[in-house]
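Step one of this worksheet: look at the structure below.
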Amino acid sequence: MENIKTPAKLLKEKLTADSKNAGLRLSDTEIDKAFDFCEGYKAFLDAGKTEREAAQYAVALAEKNGFIPFEPGKKYQAGDKVYSVNRGKAVILAVIGSEPIEKGVKLSVAHIDSPRLDLKPNPLYEDAELALCKTHYYGGIKKYQWAALPLSLHGVIVKANGETVSVRIGEEENDPVFCVTDLLPHLAGDQMKRTLQEGIRGEELNIMVGSMPFKDDAESELVKLNILRILHEKYGIVESDFLSAELEAVPAQKARDIGFDRGMIGAYGQDDRVCAYTALKATMDCISPRTTVVTVLTDKEEIGSDGNTGLNSAYFKYFIADLAAPYGVPARTVLSNTRCLSADVNAAFDPTFPEVHEKKNASFVNKGIVVTKYTGARGKSGTSDASAEFMGYVRRMLDREHIVWQTGELGKVDQGGGGTVAVYLAALNIDVIDVGVPVLSMHAPFELTGKLDVYMAYRAFLAFYSE
Ligand code: MN
Ligand code: MN
């Protein structure tokens with residue numbers, strides 16, 4: 001009796017959407033593959049905590065897979081693999097297709113910058129015989145989350161003589177780490193009355209960097225002097241070299257599995273390195289595509305995509321122009337025929353804060369890659385709003401390849417909102433839609449993703465590139 005399907009059940013199967021968890025839809029073999037895939041993803045997260053480090057990782061992986069530096073003006077053959085780096089912070093990778101370039105390219109764009117604390121140009125000071133560094137936060141953070149947390153320091157310092165020194169301290173087991181202090185509850189009576197937004201203020205995000213004085217009775221500010229001595233010995237720098245430095249404080253902890261079942265990953269910077277890694281891996285695994293494949297790992301998304309390494313810069317458009325020029329094809333022809341997955345994370349439904357989501361249109365952890373027709377705020381302001389036709393194309397592609405996917409809006413109408421780089425791609429007359437992985441605690445020092453969603457994102461990019 002239990003195997004007989006009633007007419008209502010049959011009709012329901014025919015007419016209503018399947019929103020089953022990927023854990024129920026995927027075979028055990030596929031689930032094992034997803035878990036294995038995420039081991040590589042965790043290693044990427046630990047190796048690439050800043051845009052510069054993620055760009056370096058991408059280039060090293062690409063070179064290992066036979067990619068060579070792109071030369072503008074050169075005619076490439078089908079199957080050739082090239083990359084181009086923009087100022088060490090953004091990378092474009094391309095696999096040349098068998099079709100002529102005027103047919104457009106298959107494009108995916110993800111960003112490799114994440115919210116963090118940047119050191120100010122004059123960061124170092126001493127107060128109460130402690131040495132601290134002033135910071136200016138980068139991207140949208142809840143400032144109170146960044147206190148009382150081990151931080152590592154990453155970046156570059158350009159010395160007066162032009163030499164560049166790389167810094168990466170706080171990641172190795174025996175490295176020291178840094179920290180923004182917070183007030184003890186016993187004395188926090190006034191602080192606790194502040195709004196959450198003001199819990200820790202911008203000018204309170206000061207990083208503790210030292211406490212030991214240089215041994216000399218005659219001078220003042222001996223703790224700061226001692227830090228300068230250590231920095232001079234280690235990096236050969238003097239205080240004024242901070243003026244030409246980019247030093248970024250990020251959470252020092254490594255990526256970890258979350259939960260008894262290890263089904264999720266907790267790590268810093270998954271927005272948007274989760275899409276960067278999955279798109280990068282798909283680019284490496286895409287063999288002899290029909291349409292030319294282009295993957296962009298861009299910078300500056302978290303501060304509005306401005307700056308010459310952000311997608312609002314012309315660097316991507318120039319790359320397409322350089323790629324097409326040897327064939328006498330104008331960039332606008334290539335761009336107008338290009339299809340793009342704007343690859344960025346979405347807010348996963350959080351059962352602890354259900355009130356901000358509209359459950360019928362929210363994305364859920366482990367229900368697959370999220371396809372988002374539009375983002376924006378207040379009546380779809382600041383979005384590209386993909387066409388039904390392009391949404392239909394993406395949907396058919398995902399279903400054909402049995403990729404578990406879902407749709408998701410960023411929260412309830414008028415709850416807030418946000419945008420992605422999709423608007424800058426749409427401005428180039430590209431067909432573009434947002435896809436990505438649902439994230440819990442987005443922009444927090446420790447963000448959560450589901451392993452099945454991470455793997456589905458990889459499979460979606462590969463399917464898009466391979467068809
Ligand atoms: Mn993002
Ligand atoms: Mn973000």
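First listed ligand is number 1; within each ligand, the first listed atom is number 1. Just so it is clear, the model here is predicted, and its values are computed rather than measured.
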Problem - F446-Y268 aromatic ring centre distance below 6.0 Å - result: no
Completion exercise
With rounding to 10 degrees, H111 NE2, the Mn ion (ligand 1) and D344 OD1 define an angle of 100°
Handout entry: D271, N/O/S atom nearest the Mn ion (ligand 2)
Key = OD2
Problem - Short N/O/S contact of D272 with the Mn ion (ligand 2) (below 2.8 Å) - result: no
Practice task
Just give me the atom name: the N, O or S atom of E302 closest to the Mn ion (ligand 2).
Solution key: OE2
Handout entry: Side-chain (N337) to main-chain (K103) donor-acceptor, under 3.5 angstrom
Key = no
Exercise for the section: Decide whether a cation-pi geometry holds between K142 and Y144; the criteria are a distance under 6.0 Å from NZ or CZ to the six-membered ring centre and an angle within 45° of the ring axis. Expected result: no
Handout entry: Distance flag, aromatic centroids of Y83 and F70, threshold under 6.0 Å
Key = no
